[in-house]
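See structure below.
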Protein chains: 2
Amino acid sequence: MSRTASSHTAATSPDPAKPAQKRVRRTAEEARRLILDAAEKRLATQGPEGIRLQDIARDVGISHPAILHHFESREGLVKALIARTNTQLREKLLTALGNSGDAAQDPIESVFEALSDRGTARLLAWLLLTGRVNDTSKGPQVLMTEIADRLHAHREENAKQKGTLAPDREDTFFLAMLTTSAAFGDAIIGRYLAEAAGLDEAGVKRFRNWFGKLLRQHVERTDAPAGDDEGK
Amino acid sequence: MSRTASSHTAATSPDPAKPAQKRVRRTAEEARRLILDAAEKRLATQGPEGIRLQDIARDVGISHPAILHHFESREGLVKALIARTNTQLREKLLTALGNSGDAAQDPIESVFEALSDRGTARLLAWLLLTGRVNDTSKGPQVLMTEIADRLHAHREENAKQKGTLAPDREDTFFLAMLTTSAAFGDAIIGRYLAEAAGLDEAGVKRFRNWFGKLLRQHVERTDAPAGDDEGK
DNA sequence: GGTTATACTGACATTGTTGTCAACACATGA
DNA sequence: TCATGTGTTGACAACAATGTCAGTATAACC
């Protein structure tokens with residue numbers, strides 16, 4: 001077997017002539033960021049099995065114990081990744097909603113766009129598929145309800161101004177659920193569907209507009225007094 | 001050493017009084033089916049990391065080399081699982097569409113239901129996320145276009161009967177895309193969304209009906225001659 | 001009964017991945 | 001310039017997972 005020739009008394013120095021001692025030293029924060037970026041990339045492209053310390057380390061250009069130094073364990077890395085993605089998504093959604101407050105764009109379309117961003121949604125999809133959601137208190141579900149609440153407030157305000165009937169609360173929740181589900185699904189399979197349907201970039205955009213219009217029409221219809229549906 | 005000794009004559013048998021020689025021998029087909037069932041279950045509940053030969057073998061009650069005997073390799077098992085799921089989904093969708101041909105139920109709702117079945121969709125989602133779609137010629141994308149074609153034929157026929165305008169082809173594709181995306185997303189995140197929104201079983205059903213109605217209204221609206229929208 | 005085909009098993013080999021550890025190198029401040 | 005803290009590394013340990021193999025048990029057919 002001679003399994004271990006051992007004798008690690010430096011008999012096998014690779015290149016004695018070269019010092020090759022250029023070791024880069026980042027700040028802890030910077031290193032963590034780089035590692036998380038690489039992990040996110042791997043996860044998005046290859047799935048959870050793509051999160052391998054060795055590979056990620058290679059991507060960043062460090063050795064894998066460095067990752068363990070910053071994140072304790074592989075699980076720690078995953079948790080940090082979840083946390084970061086959640087806060088990123090949160091910020092993205094809130095600004096999307098904030099911007100659409102002045103009605104320049106449809107809030108639902110903004111939400112859809114923010115959610116169906118490939119990287120984020122695929123990442124979240126993985127977390128959901130592997131059942132890691134319970135680890136984080138503020139998962140995407142909670143986000144969804146927050147958004148639904150905001151939307152509903154918006155609708156109620158509108159209804160008050162127009163003097164129309166206040167919309168059903170559940171209706172708003174269903175709107176938010178559909179948007180979320182569709183955005184998630186779109187992030188996963190949308191690419192393939194568009195391809196199969198022969199849609200180009202512009203076509204995908206048309207699809208999103210179509211979806212936004214669909215919901216808008218529904219809202220206008222529902223919120224308007226019966227029989228009246230002059231939306232625009 | 002007598003360790004091997006072919007001594008299944010129970011030197012360390014847990015119950016020496018019992019021969020314990022009951023080795024079950026299934027037909028190859030049966031064995032394959034059981035293994036695939038177990039793998040599918042693991043995959044649905046634990047994600048891709050749940051497909052471990054040892055675990056699956058334990059679930060079935062066999063040793064892990066038996067799996068390799070039937071499927072060559074782990075990858076072979078995965079491919080077989082993909083193939084079976086694809087054909088199952090195909091059949092499910094076709095019968096769903098077939099049944100709804102006589103208008104007892106909305107075709108879109110049937111499709112949604114068939115697609116958002118947790119097991120199937122989660123499995124497919126996994127395949128899509130890991131980019132394993134190219135392996136199979138007949139992925140869900142192709143299925144979607146087939147369904148879209150059928151739906152479109154349906155709509156055109158209706159239009160002809162009613163004497164209304166033929167609907168835009170892209171509109172039908174968008175319908176199918178939305179349904180597919182939403183169903184996929186629902187399979188992944190729907191559970192959590194419903195929970196966060198405080199929906200029970202009946203609530204989830206209401207959501208599906210709501211979605212079906214949304215699309216139906218859209219179809220009625222779009223296909224009707226301009227200005228006329230008395231659907232029901 | 002005997003023969004054959006094959007589903008199946010236990011033990012082992014192999015490989016890959018996480019995690020540990022002692023030592024090293026780089027920055028900062030005295 | 002030395003001391004200190006810590007980012008970083010190579011080598012190794014420990015474990016888990018897939019895959020191999022020779023051999024065993026069972027069903028079917030003669």
Side-chain angles (χ1 to χ4, degrees), chain A residues 1-16 18-36 38-39 42 46-79, chain B residues 1-14 18-35 38-39 42 46 48-79:
Chain A
M1 299 331 182
S2 80
R3 26 185 314 117
T4 53
S6 82
S7 82
H8 63 267
T9 30
T12 56
S13 153
D15 198 340
K18 241 195 221 159
Q21 287 294 10
K22 239 183 9 191
R23 195 188 271 189
V24 240
R25 185 193 174 97
R26 287 151 275 248
T27 67
E29 196 187 8
E30 174 79 356
R32 284 175 64 95
R33 197 179 58 74
L34 288 176
I35 294 169
L36 284 176
R42 286 256 172 201
Q46 303 180 350
E49 293 169 327
I51 297 195
R52 271 174 307 208
L53 299 188
Q54 313 241 29
D55 294 346
I56 295 173
R58 202 180 313 121
D59 291 348
V60 181
I62 59 179
S63 65
H64 87 267
I67 299 180
L68 292 170
H69 171 70
H70 287 291
F71 295 97
E72 284 277 289
S73 64
R74 184 200 130 109
E75 194 55 28
L77 171 62
V78 171
K79 279 191 181 162
Chain B
M1 295 17 243
S2 65
R3 37 179 338 165
T4 59
S6 76
S7 64
H8 63 265
T9 28
T12 55
S13 132
K18 248 193 215 156
Q21 286 294 10
K22 245 194 348 207
R23 191 192 272 191
V24 247
R25 185 193 172 96
R26 287 151 277 248
T27 67
E29 195 187 11
E30 175 79 357
R32 285 175 63 95
R33 197 179 57 76
L34 288 176
I35 294 168
R42 285 258 173 199
Q46 302 182 350
E49 293 169 321
I51 297 197
R52 273 174 305 208
L53 297 188
Q54 312 243 25
D55 293 347
I56 295 174
R58 202 180 314 120
D59 291 348
V60 181
I62 59 178
S63 67
H64 88 268
I67 299 180
L68 293 170
H69 170 71
H70 287 291
F71 294 96
E72 285 277 289
S73 65
R74 186 200 128 110
E75 194 56 28
L77 170 63
V78 170
K79 280 192 181 161

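Every chain is numbered from 1, with letters handed out A, B, ... down the list of sequences.
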[X], nearest nucleotide to its side chain (from [options]):
X       : options                : value
B:Pro65 : D:dC21, D:dA11, D:dA17 : D:dC21
B:His70 : C:dA7, C:dT9, C:dT18   : C:dA7
B:Gln54 : C:dG19, D:dA17, C:dT9  : D:dA17

Is [X] touching bases, backbone alone, or none of the nucleic acid, heavy atoms closer than 4.0 Å?
X       : value
B:Thr27 : nothing
B:Leu77 : nothing
A:Ile56 : nothing
B:Leu68 : base

Between atom [atom1] in [X] and atom [atom2] in [N], what is the gap in whole Å?
X       : N      : atom1 : atom2 : value
A:His69 : C:dT18 : NE2   : P     : 18 Å
A:Glu30 : C:dA27 : CD    : P     : 14 Å
A:Glu49 : C:dG16 : CD    : C1'   : 13 Å
B:Ile67 : C:dG10 : CD1   : P     : 13 Å
B:Arg26 : C:dT6  : CZ    : C1'   : 14 Å
B:Ile51 : D:dG19 : CD1   : P     : 13 Å
A:Arg52 : C:dT15 : CZ    : C1'   : 12 Å
B:Phe71 : C:dA7  : CZ    : C1'   : 13 Å

Donor-acceptor pair under 3.5 Å, [X] side chain vs [N] base:
X       : N      : result
B:Arg23 : C:dT9  : no
A:His64 : C:dG19 : yes
B:Arg25 : C:dC8  : no

Working to the nearest 0.5 angstrom, can you tell me the gap between [X] [atom1] and [Y] [atom2]?
X       : Y       : atom1 : atom2 : value
B:Ile35 : B:Phe71 : CD1   : CZ    : 5.0 Å
A:His69 : A:Ser63 : NE2   : OG    : 10.5 Å
A:Arg52 : A:Ile67 : CZ    : CD1   : 12.5 Å

_Contacts of B:Glu49 that satisfy side-chain contact (heavy atoms from CB on, under 4.5 Å) - sequence neighbours left out_ =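 Applying side-chain contact (heavy atoms from CB on, under 4.5 Å) to B:Glu49 gives A:Pro48, A:Arg74, A:Thr130, A:Arg132.
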_Can you list everything that forms a side-chain contact (heavy atoms from CB on, under 4.5 Å) with A:Arg26? Sequence neighbours excluded, please._
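Checked A:Arg26 against side-chain contact (heavy atoms from CB on, under 4.5 Å); matches are A:Val24, A:Glu30, A:Ala31, A:Leu34, A:Ile62.
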*Flag the pair A:Leu36 / A:Leu77 as yes when at least one side-chain heavy-atom distance between them is below 4.5 Å, and no otherwise.*
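Sidechains of A:Leu77 and A:Leu36: in contact.
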*Terminal axis angle for the helix from C:dG1-D:dC30 to C:dA30-D:dT1, five pairs an end, nearest 10 degrees*: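 That helix gives 0° between its end axes.
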*Where the side chain of B:Arg32 meets the backbone of B:His70, is there a donor-acceptor pair that is under 3.5 Å apart?*
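Answer holds: yes.
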*Heavy-atom closest contact (A:Ala39 atom, A:Ile51 atom, distance)*: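 Closest heavy-atom pair between A:Ala39 and A:Ile51: O-CG1, 4.3 Å.
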*Whichever of A:Glu72 and A:Asp55 has its nearest DNA chain C nucleotide further upstream toward 5'*: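 Whichever sits nearer the 5' end wins; that is A:Asp55.
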